[in-house]
Amino acid sequence: MPRHPFNSQQTRLLLFTLLQHPENWFHGYVLSRVTGLKSGTLYPLLMRLNDHGLLAARWSEPAQPGRPPRHEYRLTPAGLALAREQARSSPELIPQLATEGAAP
Amino acid sequence: MTLQRRTANELASCLRKILPDYRAAWGVGIENELLHIQHDGEALRWVFGALVSACLERATALASAPVSRAFLCFPILFQALGAAFAPSLLLAWRGNHLQAAALLGSQTPGDDFHRFIPLLAILPAWYVTLGLFACLLFLASAVQLLRRSPSALALFLAALALELLSEAAVRLLPGYLEISHQVFSFPNQNFRRDVLIPAATSLLPLLVAATLGLAQRSQPPATPPSLSSAEPL
């Protein structure tokens, strides 16, 4: 059985960011800018969350014709439930998101 | 196009090749993200970070493969034999099973267990217990590794800790260090005996522990999850 990477501060920060706008899809670079997580940290987290059905991933329509599509992400209902549960247990992280401004 | 941007693009294409097949969509996603990073230096840092995680994903996939797991059992079994060796020799000598002692002694430098008698005479019973228990823990680790259980690493580390504790404790015995120095001194220098084997036996458990850690980092999914959860364009 795999170890669930849900308890690290980075994971919780990512979950809270996605929780701020649950209906929006986020691109990887935007998530990196908002959370402050580097790509080497962010993408393994995104992959693990996706592996466990907590994160949905899709290809977005390119903004300009001829450009390749972008991968974008948002929480699944299970992911939202986990994020809310962790928000209750880690309220100290929420002000950090408020100052960084979690906007898509 | 600046050198930084060209390098970032090249690294991104390497990243796609490094990632395991079931992460292919992620590799494409990371590469496509580069086009939306305006600053070339930032793009290079972005792809470099992702490249490190791609290498880790590949290493995890390799370590998690059934062949890798089966192969990893061999060094673990080697560790188990090592942990049981001295206690077995001690039990054989004290139980007057001289044939068994001679057989074990033939596996040592000098091919004779009689050299170890001064050392065997002062080793306590708890040394046997700890050594055999460490051996059992190593064997349990190998079994759990084959069963893909996350406890394999914990068992391996526990066995290692027990071995180290046993060796540290036995050094505190009166006279142990002097007798040990006499027993393990040889008139001629031998690179294999004096350098290679000690280095290998010191490094091997670290490599095994690191590989076990990678193997249990995350199980690769049976089907590519990104594509199954992604909505079509």
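To find a chain, count down the sequence lines: A is the first, B the second, and so on, and within it residues start at 1. This one's a predicted model, so the numbers in the text were calculated from it and none came from an experiment.
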Just how far is it from atom CE of M47(A) to atom OG1 of T60(B), taken to the nearest 0.5 Å?
->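 Rounded to the nearest 0.5 Å, the CE-OG1 separation comes to 10.5 Å.
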
Measuring from R70(A):CZ to L34(B):CG, what's the distance to the nearest 0.5 Å?
->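 If I round to the nearest 0.5 Å, the distance is 10.5 Å.
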
Would you mind checking which part of L56(B) comes under 4.5 Å of any heavy atom in chain A, side chain (CB onward), backbone (N, CA, C, O), both or neither?
->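 Looking at L56(B), nothing touches chain A.
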
In terms of heavy-atom contacts, does CZ of F85(B) have more than 12 from other residues, nucleotides or ligands at under 6.0 Å?
->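 Check passes, neighbour count above 12.
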
Smallest separation among heavy atoms of S39(A) and A50(B), with atom names |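 Closest approach of S39(A) to A50(B), heavy atoms only: OG-N, 3.1 Å.
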
For the candidates L42(A), T41(A), L46(A), T76(A), which exhibits the highest count of non-hydrogen atom pairs separated by less than 4.5 Å from chain B?
->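 Top count of heavy-atom pairs under 4.5 Å with chain B: L46(A).
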
Is there a side-chain contact between P69(A) and N32(B), using heavy atoms and a 4.5 Å cut-off?
->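 P69(A) vs N32(B): side chains touch.
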
How about Y43(A) and E33(B): do any of their side-chain heavy atoms sit closer than 4.5 Å?
->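 Side chain of Y43(A) against side chain of E33(B), heavy atoms only: contact under 4.5 Å found.
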
Report the option among I30(B), V52(B), L51(B) that has the most heavy-atom pairs separated by less than 4.5 Å from atoms of chain A.
->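 The residue among I30(B), V52(B), L51(B) with the greatest pair count is I30(B).
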
What are the residues of residues 203-211 of chain B, in order of number, with any heavy atom under 4.5 angstrom from a heavy atom of chain A?
->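 Residues in range: none.
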
Which of residues 36-46 of chain B get closer than 4.5 angstrom to chain A, counting heavy atoms alone?
->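 Expected list: H36(B), I37(B), E42(B), R45(B), W46(B).
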
side-chain contact (heavy atoms from CB on, under 4.5 Å) involving V170(B) - partner list, sequence neighbours excluded =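 L123(B), P124(B), W126(B), Y127(B), E167(B), L173(B), Y176(B).
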
Please list all pairs passing the side chain to side chain donor-acceptor pair (under 3.5 Å) test where one or both residues lie in residues 129-145 of chain B, with sequence neighbours left out.
->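 Sorted pair list: Q144(B)-R147(B), Q144(B)-S149(B), Q144(B)-S151(B).
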
